[in-house]
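Please read these numbers as outputs of a predicted model, since none were measured by experiment. First listed ligand is number 1; within each ligand, the first listed atom is number 1.
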Amino acid sequence: MPTNSGTCLHGKNSVLLLPLVKRCISLLQTCASSLPKLRQIHAFSIRHGVPLSDADMGKHLIFYIVSLPSSPPLSYAHRIFSKIQNPNNVFTWNTLIRGYAENGDPSPAVALFREMRVSGLAEPDTHTYPFLLKAVAKMADVRLGETIHSIVIRSGFDSLIFAQNSLLHLYANCGDVASAYKMFDKMSERDLVAWNSLINGFALNGKPTEAMEIYRGMQMEGIEPDGFTIVSLLSACAELGALALGRRVHVYMIKVGWRGNSHANNALLDFYAKCGRVREAQTLFHEMGNKNSISWNSLIVGLAVNGFGKESLELFKDMEKKGLPPNEVTFVGILYACSHCGMVTEGFEYFRRMVEEFNIVPRIEHYGCMVDLLSRAGKIKEAYDYIQNMPMQPNSVIWRTLLGACSVHGNSALAEYATDQLLQLEPNYSGDYVLLSNLYASEERWLDVQRVRRKMVNDGVRKFPGHSLVEVGNQVHEFFMGDKSHPQTGEIYAKLKEMTERLRMEGYIPQTSKVYVDVEEEEKENALVYHSEKIAIAFMLISTPASSPIHVVKNLRVCEDCHVVIKLVSKIYDREIIVRDRSRFHHFKDGSCSCQDYW
Ligand code: ZN
Ligand code: ZN
């Protein structure tokens, strides 16, 4: 029978090798965090006769490789593992499973677990499941999670708090909130980790009200929230544009004296900026006693993306006066601000300073900002040349910026080129086909429109359904295109009809050229009326007090027709309307938009 050390496998020689293996292992301990050194010792051991299959040497090598501080080479660890004959040490299996759970693609962890069970070489223990479940949580595969859950129950590990916490985290992370809650409900002992997992699960899966409920329950049980709780509540609210809910977290922070916590304050600042409440973000920023560079950056970027470019640049000047060093995030904000204000020369000057004065190596985001800067200014050809001369491969964001600019400024030759690049990088993103097809449609090139449409069908591209989120009285409402599932559908559609009539009196003509050609003219108009943001705005007009601002979060880019309509609605109904779409903010007021019709 082979023992744990595995040395018996090699007969008499292994006894002689024992001191050598021991020496190599203690060498490994001394240079645990350096891959080249680990490789050297591995080579040394082989040169001196330690067989590749030595289980003890393998166990330690795998452990030190997996524990390397940054991106451990798991394929190397796995190669060593596969050389061990009959690996019967559960620690070795667990180490490799942990490695996969914590780095990169987690799926080999599951394959290893299956191999372990089928081979019967080692029994999964209390350490196996938390790592395995972590891997499955990362894969967000709820079916697989359920299978492993039943194995956990059969193995009798389901009463252990860390197994329960791992399962809870798994269900929450997969968005299976019901199972997460069931798990949570069964737990006899709930620590802060469990509460946080559940709150985060609800928060990230579009159930902020439930997240707040759980949070209240947590308070009632006398469990103190930590920064993680507050930050996950706020980031959920930011994601959903749930302004009222986030404000309640803010009130709570004041009540319990959390205002001194810079981590939570920065999350709050970010929340206000992402909800388009730049003035509140500013007030908070000025009240904060413990501003750090994250706070400065949040506000600089927040101002810039919300269309307050000049103020963003002013704030940067204050930051410089205070002697605070900007970082790459600061410059994303600055370049974005320049782009938005049409300050091309200044943008290039800031880019130069970033590199020369602050020694920041520009990332692809910064190049993206420069392409946006040129594109927005209508310098399409220059933007194209800039892309060609970038020191790195342009990504899809950059090509999409150029494509967007081409469709605004009507350059179909470059649009085709950009679309070709995009189809190679991200073949299934429907928005790109739509932009190109819209551009052809606006030039009345119907054959080309049909060609793009056919390609979309042939390539199996599915259009993402657009949806818009709005919040009324702590409740987030979601609307899809042509949605009729809301309890107040009747009133909403009556309001939409009234809106369209009032808009027509103001001279509004639907931008039907942007709708596919093979739809009848009247249907085209209907298709436009039923875009989710229009439905959401109609709902807000009947559900909120006159002249209160309306916030909409949209998952796709706002279309041209909706943009015209929302501008007019902001004027006719005297409402400030703030729309956060896929790429930027639109602050509509008195018939105009902060994006200056470029987005
Ligand atoms: Zn639209
Ligand atoms: Zn706009």
So, of the N/O/S atoms that His531 has, which is the nearest one to the Zn ion (ligand 1)?
ND1
Looking at Tyr530 versus Phe479, is the centre-to-centre ring distance below 6.0 Å?
no
Three-point angle Cys595:SG, the Zn ion (ligand 2), Cys593:SG, rounded to the nearest 10°
110°
Kindly report the SG-the Zn ion (ligand 1)-SG angle for Cys562 and Cys559 respectively, rounded to 10°.
120°
Within the 6.0 Å centroid threshold, strictly below: Tyr272 and His250:
yes
With a cut-off of 2.8 Å, does His563 place any N/O/S atom under that distance from the Zn ion (ligand 2)?
yes
Starting at SG of Cys275, measure out to NE2 of His551 and round the result to the nearest 0.5 Å.
7.0 Å
Please tell me whether Phe588 and His563 form a close aromatic pair, meaning their ring centres lie under 6.0 Å apart.
yes
Aromatic centroids of Phe358 and Tyr350 separated by under 6.0 Å
no
Please give the atom name: the N, O or S atom of His586 nearest to the Zn ion (ligand 2).
ND1
